[in-house]
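Inspection log for the structure reproduced underneath, given as structure tokens.
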Amino acid sequence: MTPLRRLLARLRGAVAAPPPRRVLYVHEDDMGDVELLPEAARAWCAEELRRIDAFAAAHEAPDGLGWTDIHVRPPAPARLGDLGLRAAAAAARLRRVAPAYDGVETGTYSDVEVAAGATAFGADGSGALVLHVDAAGALTGVDVVPQGGAGLGPLLDAVRDLAAPSRLVAVAWNRGALAALDDPGERAAFIRAIAG
């Protein structure tokens, strides 16, 4: 091989394509539809799920294709951010059970944007958790992205254990499901409800 060919071969190797990025996309309508909250919000969540069902029934369109009004869910009276959890500790626990995504994107299919202050963990197609982090590194919220749900159990366990002794609940606003994370039966039923 001539020196020029050797140089060209080395240059081709040095300009190899960067490894592909693994980015989790969550449509803006789905972000926050399944979330983790402190147990102190459980009764409020159950009542809010009842209000949502009653509102939907009262405002169903006559043709059955949608609704005639919208219900805007108020913020829960107790939030994950109230527990003082650190995002770095949550990330360290989650890395033990699932890989981190390189980024989180949201928006609509035609207008995608980076989800500011969000990081995610999970295996492709088996469920993920999106951590919402403020500028000081505090964990302000956790969203659950079902994606089939097969890998959600260990992810939920990692966050549940981090929050101890506080108890956490998972609520799926879009499915009307609510479960205590420390109750194996409730948690399993919840994962089935959101994954289906």
What are the two closest non-hydrogen atoms of [X] and [Y], and how far apart are they?
X	Y	answer
A193	A177	CB-CB, 4.2 Å
V26	V145	CG2-CG2, 3.8 Å
V34	F190	CG1-CZ, 3.7 Å
R73	I52	CD-CD1, 4.5 Å
L155	L129	O-CD1, 3.6 Å
L37	A78	CD2-O, 3.8 Å

>> side-chain contact (heavy atoms from CB on, under 4.5 Å), that's the test. Do L139 and R86 meet it? Break it down for me.
In response: CA-CA 5 Å; L139 185 61; R86 304 302 303 164; over 6 Å; no

[X] side chain vs [Y] backbone, donor-acceptor pair below 3.5 Å:
X	Y	result
T140	G81	no
T68	H59	yes
Y25	G107	yes
D143	G32	yes
E186	A180	yes
D82	R79	yes

Same cluster for [X] and [Y] if Ile/Leu/Val/Met/Phe/Trp/Tyr side chains link at under 4.5 Å?
X	Y	answer
V130	V133	no
V144	V97	yes
Y101	M31	yes
L152	V159	yes
W67	I70	no

Heavy-atom side-chain contact between [X] and [Y] under 4.5 Å:
X	Y	result
V142	E35	no
L156	I191	yes
V23	V104	no

Find the distance between [atom1] ([X]) and [atom2] ([Y]) and round it off to the nearest 0.5 Å.
X	Y	atom1	atom2	value
R187	D157	CZ	CG	4.0 Å
E39	L83	CD	CG	11.0 Å
E60	D69	CD	CG	14.0 Å
F121	L131	CZ	CG	5.5 Å
L162	L85	CG	CG	5.0 Å
E47	L178	CD	CG	12.0 Å

>> For T106 and D30: C-alpha separation, side-chain torsions, deciding distance, then whether side-chain contact (heavy atoms from CB on, under 4.5 Å) applies.
In response: CA-CA 9 Å; T106 191; D30 297 327; over 6 Å; no

> Can you name the ring-ring contact (aromatic ring centres under 6.0 Å, His included) partners of W173, sequence neighbours left out?
Replying inline: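 If we apply the ring-ring contact (aromatic ring centres under 6.0 Å, His included) test to W173, skipping adjacent residues, the hits are W44.
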
>> Can you pull out every salt bridge (charged side-chain N to carboxylate O under 4.0 Å, His left out) where at least one residue sits in residues 112-134? Sequence neighbours excluded, please.
In response: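 Pairs touching residues 112-134 that pass the test: R22-D124.
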
